[in-house]
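Atoms considered below: every heavy atom in the structure, side chains included; atoms not considered: hydrogens, waters and symmetry mates.
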Amino acid sequence: MSIDNHFQPVTPSNEGMAKGAGEAATCLLSTTYFGPVQWYQKLRRYERVMVERMDSFVKQTYRNRCVIAAPNGPQALTIPVSHDNDKPLTRDIRISDHGNWRRLHWNALQTAYGESPFFEYYADDLHPFFERQWEFLYDFNMEITLLLCQLLDIHPTITPTDKYFPNKSNHSEYSETTPSLWEGQGGYQDYSDFRDVIHPKHPLPDPDFTPKPYYQVYASRHGFLPNLSILDLLFNEGNESIFYL
C-alpha cells in the first residue's frame, strides 16, 4: 500500500472533536519525527489535517528531529538525511544510515525513559521503527503518526498535500486566492497554518497551546520541560495522555 492511499484519510471518526480557536476546521502542519505535544494537540483538536510534503526541506526542524528529556536535560535526536539536489522537496528526502542513528536513538530513549511508568508498555510497539529501514523520511514520519494516533486514541482525518500551500505568515507568498488551492483536496476554503508556529528554535505565538505540566522522570533535576516529543508524554502518562492534548 502506498503512503498516499494509506493516508487519504486516516480513520475519519471525529466524534467529540473540537475545532481550533479559529473558525477553520482544517489545519496545515509540517511533517514531524515523533513530533512535539503541540503538534499532536492539532491532530486532536482539528477535524481535518493536511501534512505538507511539497515544501522545500528545512534543516534543524521537527521534520527530522525530536527532543526528549534525558538525564542531563533536553536532548535532540536527529535523523541523518540525504537528497539529490540543492532545493529538495520534503517528499524527496531520503533517510541516511549514517552513524548507526537507529541504535543510538533507541538507546537514548531507553536511558531517558527506562524508569518512566509506561516505557515498557509501549516499547514493543515503537521498537520496530528503530529496526526496519524506510527509504523516505516523509513516509517514515507518517507511519509513526499513524501508530501514535492509535496509541493516543485520537482519530484525525489526515491527508498529504499534493501541491505547495503558500505560507500565511509570509504575505509575499500568501494571497486571498490561496484558499482556492484546497480545491481538489476536499474543497476546504480556509485553514490554520502551523508550519512556522511549531518550530524547535523560532516558534511563532500559538494562543491555542499552553503547556500543562505532567509527571516527568527528571523533573526534580530540571523542572518541568514543556512541549517535548509526544513520546515524553506517552511514556510518562500512558493512556491519560489524551487529556493533555
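Within 6.0 Å of CG on Asp124 lie no more than 12 heavy atoms contributed by other residues, nucleotides or ligands. No more than 12 heavy-atom neighbours from other residues, nucleotides or ligands sit within 6.0 angstrom of CD on Glu115.
To the nearest 0.5 Å, atom CG of residue Asp193 and atom SG of residue Cys27 are 9.0 Å apart. The CD1 atom of Ile144 sits 8.5 Å away from atom SG of Cys66, with the distance rounded to the nearest 0.5 Å. Of the inter-residue distances, the one linking Tyr113 atom OH with Gln216 atom CD reads 7.0 Å to the nearest 0.5 angstrom. How far NZ of Lys87 is from CG of Asp92: 15.0 Å, rounded to the nearest 0.5 Å. Between atom CD1 of residue Ile68 and atom OG of residue Ser229 there is a gap of 8.0 Å, rounded to the nearest 0.5 Å. Expressed to the nearest 0.5 Å, how far CG of Asp232 lies from CG of Leu225 amounts to 7.5 Å.
Looking only at side-chain heavy atoms (C-beta outward), Arg195 and Leu28 come within less than 4.5 Å of each other. Taking 4.5 Å as the limit, every side-chain heavy atom of Gln150 sits out of range of all side-chain heavy atoms of Asp125. Contact annotation: the side chain of Lys42 approaches that of Asp206 to within less than 4.5 Å [non-hydrogen atoms, C-beta and beyond]. Two residues are said to be in side-chain contact when any heavy atoms from C-beta on lie closer than 4.5 Å; Leu152 and Ile242 fail this criterion. Proximity of Leu43 to Thr145: side-chain heavy atoms (C-beta onward) are separated by under 4.5 Å at one or more points. The shortest distance between side-chain heavy atoms of Glu52 and Thr90 does not fall below 4.5 Å. Under the 4.5 Å side-chain criterion, counting only non-hydrogen atoms from C-beta, Tyr244 is in contact with Glu237. The side-chain heavy atoms of Asn64 and Ile93, taken from C-beta on, include no pair separated by under 4.5 Å.
In this structure a side-chain-to-backbone donor-acceptor pair under 3.5 Å is present from Gln41 to Asp208. Of the possible donor and acceptor atoms, one in the side chain of Trp39 sits under 3.5 Å from a partner among the backbone N and O of Ser30. A donor-acceptor pair under 3.5 Å links the side-chain atoms of His105 to the main chain of Thr78, judged by distance alone. Using a distance-only test at 3.5 Å, with no hydrogens or angles considered, no donor-acceptor pair links the side chain of Arg94 to the main chain of Glu135. Judged by distance alone, the side chain of Gln38 and the main-chain N or O of Phe209 form no donor-acceptor pair under 3.5 Å. The backbone N or O of Ser96 lies less than 3.5 Å from no partner atom in the side chain of Ser82, so there is not a single donor-acceptor pair. Side-chain N or O atoms of Thr31 include none that pairs as donor or acceptor with a backbone N or O of Arg63 at under 3.5 Å.
Nearest heavy atom pair, residue Tyr138 against residue Val51, reads OH-O, 2.9 Å. Across all their heavy atoms, Arg53 and Pro160 have their closest contact at NE-CB, 3.8 Å. Contact record, His222 with Gly73: NE2-N, 3.2 Å, taken as the closest heavy-atom pair. The two residues Arg102 and Trp134 make their nearest non-hydrogen contact at NH2-N, 4.1 Å. Here the closest heavy-atom approach between residue Pro205 and residue Val197 is recorded as O-CG1, 3.8 Å. Closest of all the heavy-atom pairs between Ala112 and Ala70 is CB-CA, 4.0 Å.
In this structure, a donor-acceptor pair under 3.5 Å is absent between the side chains of Asn236 and Ser116. In this model, a donor atom of one side chain and an acceptor atom of the other lie less than 3.5 Å apart for Asp153 and His155.
Taking the six-membered ring where tryptophan is involved, the planes of Tyr122 and Phe118 are tilted, since the angle between them lies from 30° to 60°. Using the six-membered ring where Trp is involved, Phe34 and Phe129 have ring planes that are perpendicular, over 60° apart on the 30 and 60° scheme.
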Inset, instruction - Might you work through the side chain to side chain contact (heavy atoms under 4.5 Å, CB included) test for Leu77 and Leu109, ending with a clear yes or no? - result: CA-CA 9 Å; Leu77 304 178; Leu109 290 175; 4.3 Å; yes
Inset, instruction - Go through the steps to decide whether Met50 and Thr26 satisfy the test side chain to side chain contact (heavy atoms under 4.5 Å, CB included), and finish with yes or no. - result: CA-CA 7 Å; Met50 297 288 289; Thr26 301; 4.3 Å; yes
Inset, instruction - Before giving the answer on side chain to side chain contact (heavy atoms under 4.5 Å, CB included), spell out for Ile95 and Trp101 the whole-Å C-alpha distance, their side-chain angles and the decisive distance to 0.1 Å. - result: CA-CA 10 Å; Ile95 296 175; Trp101 69 268; 3.7 Å; yes
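Leu29 and Leu204 fall within the same hydrophobic cluster, defined by Ile, Leu, Val, Met, Phe, Trp and Tyr side-chain heavy atoms under 4.5 Å apart, directly or through other members. Side-chain heavy atoms closer than 4.5 Å link hydrophobic residues (I, L, V, M, F, W, Y) into clusters, and following such links, even through other members, never connects Tyr218 to Phe224. Cluster membership check: Met54 does not share its hydrophobic cluster with Val58, using side-chain heavy-atom separations under 4.5 Å among Ile, Leu, Val, Met, Phe, Trp and Tyr. Using a 4.5 Å cut-off between side-chain heavy atoms of Ile, Leu, Val, Met, Phe, Trp and Tyr, with links allowed through other members, Leu147 and Tyr121 fall into the same hydrophobic cluster. Side-chain heavy atoms closer than 4.5 Å link hydrophobic residues (I, L, V, M, F, W, Y) into clusters, and following such links, possibly through other members, connects Leu151 to Met142.
Only one option out of Phe165, Tyr40, Tyr46 pairs with Phe194 in a ring pair (Phe, Tyr, Trp, His ring centres under 6.0 Å); it is Tyr46. None of Arg65, His199, Lys201 except one satisfies the side-chain hydrogen bond (donor to acceptor under 3.5 Å, both in side chains) rule with Gln60; the exception is Lys201. With Leu233 as the partner, the side-chain contact (heavy atoms from CB on, under 4.5 Å) test is satisfied by one option alone out of Asn227, Leu228, Leu245: Leu245.
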